[in-house]
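Letters A, B, ... are given to chains in the order of the sequence lines, protein chains preceding strands, and every chain is numbered from 1.
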Amino acid sequence: MQLSRDQLLSAYRRMRTIREFEERLNVEFQAGTVPGFLHLYSGQEAIAVGICEQLEDARDYIGSTHRGHGHCIAKGVDVKGMMKEIYCKKHGVCGGKGGSMHIADLDKGMLGANAIVGGAPPLAIGAALTAKTLKPGGVAVPFIGDGAANQGTVAEAMNMASVLKLPVVFMFENNGYAEFTAASYATAGSIEARAKAYDIPAVTVDGADFFAVHEAAREAIARARAGEGPSAIEAKAYRFWGHFQGDPQRYRAPNETKDLREAKDCLKHFRSRVTEAALLEDADMDAIDEEVLALIEEAVAEAKADPEPDAQSLYEDVYVAYN
Amino acid sequence: MQLSRDQLLSAYRRMRTIREFEERLNVEFQAGTVPGFLHLYSGQEAIAVGICEQLEDARDYIGSTHRGHGHCIAKGVDVKGMMKEIYCKKHGVCGGKGGSMHIADLDKGMLGANAIVGGAPPLAIGAALTAKTLKPGGVAVPFIGDGAANQGTVAEAMNMASVLKLPVVFMFENNGYAEFTAASYATAGSIEARAKAYDIPAVTVDGADFFAVHEAAREAIARARAGEGPSAIEAKAYRFWGHFQGDPQRYRAPNETKDLREAKDCLKHFRSRVTEAALLEDADMDAIDEEVLALIEEAVAEAKADPEPDAQSLYEDVYVAYN
Amino acid sequence: MSKKTYREAITEALRQEMEREERVIIVGEDVAGGAGGSAGGGEAAGGVMGLTAGLCTQFGRERVIDTPITESAIIGMAAGAALTGLRPVAELMFADFIGVCLDQVYNQAAKFRYMFGGKARTPLVVRTMIGAGMGAGPQHSQAIYPMLTAIPGLKVVVPSTPYDAKGLLIQAIRDDDPVIFCEHKGLLGSQGEVPDEPYTIPFGKAAITREGTDITLVGISRMAVLCNEVADRLKKDGISVEVIDVRTTSPLDAATILESVKKTGRLVAVDEANPMCSVASEIASIVASDAFEYLDAPVKKVTAPHTPVPAAPNLEALYLPTPDKIEVVIRDLMDF
Amino acid sequence: MSKKTYREAITEALRQEMEREERVIIVGEDVAGGAGGSAGGGEAAGGVMGLTAGLCTQFGRERVIDTPITESAIIGMAAGAALTGLRPVAELMFADFIGVCLDQVYNQAAKFRYMFGGKARTPLVVRTMIGAGMGAGPQHSQAIYPMLTAIPGLKVVVPSTPYDAKGLLIQAIRDDDPVIFCEHKGLLGSQGEVPDEPYTIPFGKAAITREGTDITLVGISRMAVLCNEVADRLKKDGISVEVIDVRTTSPLDAATILESVKKTGRLVAVDEANPMCSVASEIASIVASDAFEYLDAPVKKVTAPHTPVPAAPNLEALYLPTPDKIEVVIRDLMDF
Ligand SMILES: Cc1ncc(C[n+]2csc(CCOP(=O)(O)OP(=O)(O)O)c2C)c(N)n1
Ligand SMILES: Cc1ncc(C[n+]2csc(CCOP(=O)(O)OP(=O)(O)O)c2C)c(N)n1
Ligand SMILES: [Mg+2]
Ligand SMILES: [Mg+2]
């Protein structure tokens with residue numbers, strides 16, 4: 001499907017925002033200003049954006065992972081609120097109580113990053129049940145890593161979605177590693193075949209190719225919106241950083257990440273595709289690059305300046321009401 | 001593969017023993033003498049016996065389910081000890097503390113019936129790991145219902161067994177129902193395809209046909225013993241009774257169980273196969289029928305006469321040593 | 001008002017809430033029953049204990065949803081649905097099965113609101129069956145509410161009468177926080193007066209079921225029934241026992257218990273759970289902390305022993321707290 | 001004897017037991033690390049915290065087994081292997097992940113021996129990381145040992161020093177019952193004298209780490225370290241605090257605690273877990289029951305609040321018990 005100029009610009013902006021957000025976080029982490037664990041999404045932007053650009057705030061949902069910043073940005077969560085949350089500050093989207101691994105924004109249909117591998121797919125099918133019941137045409141998308149693909153919860157969620165014909169798109173991101181262990185070792189057989197074994201139509205695409213992801217997602221979403229049940233997409237993905245920041249990556253060949261940044265950069269791929277086809281010009285994207293840079297700069301500055309959460313908030317919001 | 005006369009007689013004896021054991025338990029249950037829940041295996045005998053006849057006590061293991069009597073008998077657990085256990089008596093194989101859903105006999109490589117659906121497959125792959133490490137050529141067989149096939153633990157166990165190339169034969173018994181719900185509703189896609197999606201060779205056989213099960217099991221066991229990793233078998237099975245005794249089976253067509261007892265009785269099938277091929281004579285099997293009848297009669301009488309467990313045993317065997 | 005069983009009270013609460021509010025749905029294994037069966041569907045069971053019988057006929061399979069045997073997906077799906085606008089009542093057939101789906105309860109549903117900075121509402125109810133006494137064996141008889149009571153963000157309900165079962169279940173369904181509703185299988189057939197119209201009983205308000213002055217006896221779930229029995233029995237011997245049925249273990253009504261102990265000076269907490277880190281221990285610790293000056297005797301608990309639940313009926317009877325065991329402890333304390 | 005960190009003590013215990021006994025194996029996520037990676041395998045990490053570093057090189061991938069991220073299959077496989085002759089040490093990376101594999105711990109491994117009439121032995125060790133203080137957020141910081149302590153058939157170990165970590169881990173590996181071994185992430189870098197040779201510390205024997213006569217302070221895991229600090233601090237003010245480090249919460253050494261309280265007449269139990277149904281509550285209830293006559297003051301506990309663990313470091317610091325909070329409670333009791 002041919003995307004409009006606006007659609008292309010929007011997609012590029014989101015992908016660039018994710019990349020800038022993550023690369024900047026790496027710098028800040030090295031400087032020691034970011035608390036907790038940090039799992040960066042650099043390299044996988046086309047996957048989150050390729051599908052989320054086709055989702056709506058009000059009726060469509062995503063469920064995310066420990067590596068959730070990219071999913072959040074793609075689904076439209078406020079970048080500054082996210083940055084404050086990662087810094088665990090008062091005005092973070094979760095008031096500083098969630099941190100990097102728990103960013104959620106229900107108004108945006110973002111059901112939360114999730115620090116439990118395989119935690120989100122059961123929740124996402126629940127959102128799909130809500131959509132099916134209350135929000136006709138709505139769809140839910142759980143993101144699932146190659147490591148998470150082995151968790152029993154994922155198998156259960158696929159079977160349930162298939163049985164109940166829920167509007168779900170299972171978006172597998174196979175970036176080749178779960179922590180320090182290769183998918184070729186730990187993820188037996190094929191993820192695509194697993195989905196098909198539950199009677200779920202599935203395809204495999206190159207996650208560095210925004211257009212391939214977008215097209216596969218378009219079909220899957222259409223199927224879901226039409227009430228035809230779940231689909232699955234396995235996107236081959238490329239993790240530019242280690243599992244978390246600080247990972248010495250001894251399990252990877254010395255040049256692997258450098259090579260991936262050369263050959264499998266979704267931003268470069270996108271740029272050359274759209275310029276070659278004369279859909280956008282370099283200048284369009286350069287301008288976005290500048291704007292994004294400024295936005296992230298501001299987001300970091302504001303996050304650093306934001307106050308810590310109030311002491312009292314420790315005790316708040318455990319319940320809506322406990323009496 | 002052609003089985004010897006002794007092998008055929010042994011297989012028939014085990015199948016007949018299971019059938020008699022279960023049918024008698026039904027009578028006793030109706031009379032109100034059996035405590036707890038009772039899930040009978042009648043109709044599925046050829047599956048347990050078809051594979052277990054090829055297993056050894058010392059190095060081969062099975063993991064079972066809530067519907068475990070047949071698996072136990074097939075693996076050689078003492079029938080009288082089992083009956084006493086089902087009656088929760090002192091000399092039951094588990095001292096009366098396990099009951100019908102927890103019969104185990106580690107000396108026979110029987111790792112326990114299991115009242116948690118999907119509970120046993122992770123344990124069985126552990127026994128396979130022991131076999132691989134300490135008991136060359138040993139193999140482990142988890143039995144898994146069509147309902148249990150959906151549990152995440154089963155998916156996890158298949159992936160783990162595939163990754164570690166463990167000597168496992170996943171024996172799926174698809175009897176068409178999980179409690180009151182049909183497999184056609186709750187078990188999406190195909191079990192065989194699920195196994196294959198984990199790179200596990202899989203076949204589907206008619207579980208009423210002892211010879212078909214035996215042959216599929218022979219190949220899978222050989223593969224495991226040779227260190228080539230796991231296999232899976234989906235046996236189509238036929239549950240002659242309800243889910244548990246007392247189930248009014250309103251979800252089944254009125255004639256369904258009667259028809260199954262006509263058309264899909266593994267004992268009848270076996271008898272006609274071996275007599276037609278002149279491998280055994282009716283008299284051989286009639287004699288076994290009589291012996292088995294007497295054995296079960298004795299087992300029930302002894303179970304009823306056996307004393308209750310000693311009060312003190314309530315507190316015993318929680319730990320090997322707690323200090 | 002009419003006589004109903006605990007079972008009927010629960011079914012009635014479900015029906016009335018489903019009538020009142022479209023967003024209330026039921027999910028679980030065989031909650032309708034019979035899906036795909038050769039009898040051609042229709043309502044086949046309404047749960048293994050028949051507690052949801054009739055609901056599928058009345059509300060349809062869109063609202064009474066049979067699921068595969070995948071508790072993580074059931075509870076997780078219900079939690080996700082609750083987070084996004086439905087009000088699901090999920091059935092976890094036996095509470096013992098919490099082991100295969102605990103994460104969705106404790107790391108997910110119970111933490112949403114806090115982790116997400118107060119922006120989430122999770123009106124999830126998990127109905128589940130607890131308790132020994134039916135010869136169901138070690139994996140189908142446990143009283144697992146203590147581990148759930150420990151979890152911040154969760155509410156835990158343990159009704160002991162048909163009246164409480166209905167009122168607390170309606171409260172649970174209307175509540176905006178995740179609730180575990182523990183139905184004791186030994187109480188399903190018990191009878192009592194239950195209003196026909198809907199009503200709610202607030203969480204965190206214990207019931208004083210017997211007034212007394214000599215000793216405070218606190219019971220949880222079926223144990224509250226035993227406590228009443230003991231109180232009635234000892235009354236004849238001139239021992240005045242105040243019985244408190246906690247009704248909910250989280251929130252726990254410490255105030256009512258403390259007030260009672262300040263009057264009686266003695267406490268026995270009765271819990272069907274294993275002793276360590278039990279709700280009985282929690283109650284005892286609260287009393288020893290906050291009513292110490294009023295205590296005339298040691299604080300005691302009566303619980304199951306630190307063993308699994310044995311299958312044998314004779315051992316199971318020994319395993320469970322009984323009126324006799326409770327009476328012995330009370331008499332000891334009265335002599336203190 | 002030489003100075004070692006808690007982390008080194010654990011690695012040494014694992015290495016020495018693997019040298020001693022072939023049947024000891026290690027299974028878990030990235031316990032070797034690097035399987036299938038483009039660097040061509042070899043040892044890449046030895047666990048996310050490096051606690052199994054070097055073991056794969058020494059013992060090979062047959063005995064240090066990297067697994068997929070499937071905790072039910074990991075713990076279940078280890079339990080099944082233990083039941084059949086191996087002595088597996090499984091790693092559950094963060095204790096918070098118990099939610100996805102609890103069944104294999106509590107309904108399976110912990111119950112085998114009892115359910116099977118005493119015929120099973122399950123020498124399983126599950127090593128796992130507990131505790132807050134690292135900014136790891138609500139799903140990676142919990143102290144979940146109370147719910148495990150409640151489970152009959154399980155043993156629960158909570159070492160607070162490098163010396164205890166080594167001796168208790170060797171005991172755990174040699175023990176024939178299933179053991180959960182809780183390593184506090186806030187202690188990994190702490191140092192202490194540790195013998196070079198293997199040794200065991202028996203389960204169910206608490207350590208009296210400070211002798212005192214005015215008050216008994218019981219600490220669990222890292223809380224024991226805090227208790228020592230408080231005792232040392234108060235000594236200067238003339239308050240003599242006896243500190244007991246429980247070392248194992250199941251079995252729990254009630255005798256040592258009771259003896260101490262009989263001497264001091266006062267108890268404070270300090271637990272990093274949430275308050276309800278905590279080990280602190282359990283200890284308080286035992287003391288209120290069995291040392292009541294000796295008590296001069298209310299029995300108190302200091303725990304985390306009934307909230308999840310917040311991610312923000314400033315809130316997390318408020319969440320945790322601290323020496324200051326403990327001191328306030330002690331001073332209150334001394335004034336009682
Ligand atoms: C239940 C659970 N097990 C283990 C972990 C630790 N852990 C966090 S991320 C991760 C790897 C996940 O790999 P994958 O799903 O491929 O996602 P990726 O990191 O590649 O994005 C692991 C093992 C966890 N957080 N939760
Ligand atoms: C974890 C868990 N969930 C639910 C149950 C209740 N239950 C017992 S048997 C059963 C049906 C199992 O069906 P299937 O696996 O097909 O085995 P079958 O009964 O047909 O032999 C169910 C739902 C259970 N025991 N454990
Ligand atoms: Mg990955
Ligand atoms: Mg079945």
Taken to the nearest 0.5 Å, the spacing of D:M115 CE from B:H102 NE2 works out to 5.5 Å

Select one option (side chain, backbone, both, neither) describing which atoms of D:D103 are under 4.5 Å from chain B's heavy atoms.
side chain

Just give me the residue among D:N107, D:D176, D:L83, D:L86 that pairs up with chain B most often, heavy atom to heavy atom, under 4.5 Å.
D:L86

Would you say the side chains of B:T133 and B:T130 form a donor-acceptor pair under 3.5 Å?
no

Find the one option among D:G117, D:G80, D:A35 whose heavy-atom pairs under 4.5 Å with chain B are most numerous.
D:G80

Option that, when pairs with chain B are counted at under 4.5 Å, heavy atom only, ranks first among D:D253, D:L154, D:D175, D:I75
D:L154

Checking D:K166 against D:Y199: charged group under 6.0 Å from the ring centre and within 45 degrees of the axis?
no

Top residue by heavy-atom pair count (under 4.5 Å) with chain D, among B:E156, B:E85, B:E316, B:M160?
B:E156

Could you check whether D:K155 makes a cation-pi contact with B:Y322, meaning its NZ or CZ is under 6.0 Å from the centre of the six-membered ring and within 45° of the ring axis?
no

Please state whether the rings of B:F143 and B:H71 are parallel, tilted or perpendicular, taking 30° and 60° as the class boundaries.
parallel

Among B:L134, B:N159, B:D105, residue most engaged with chain D (heavy-atom pairs, under 4.5 Å)
B:L134

Side chain, backbone, both or neither: which part of D:R23 has a heavy atom under 4.5 Å from chain B?
side chain

For the residue pair B:D146 and B:T187, confirm or rule out a side-chain donor-acceptor distance under 3.5 Å.
no

May I ask you to name which of D:G204, D:A110, D:A109, D:G85 has the most heavy-atom pairs under 4.5 Å with chain B?
D:G85

Using a 4.5 angstrom heavy-atom cutoff, name the option from B:D107, B:N114, B:T153, B:I103 with the most pairs to chain D.
B:N114

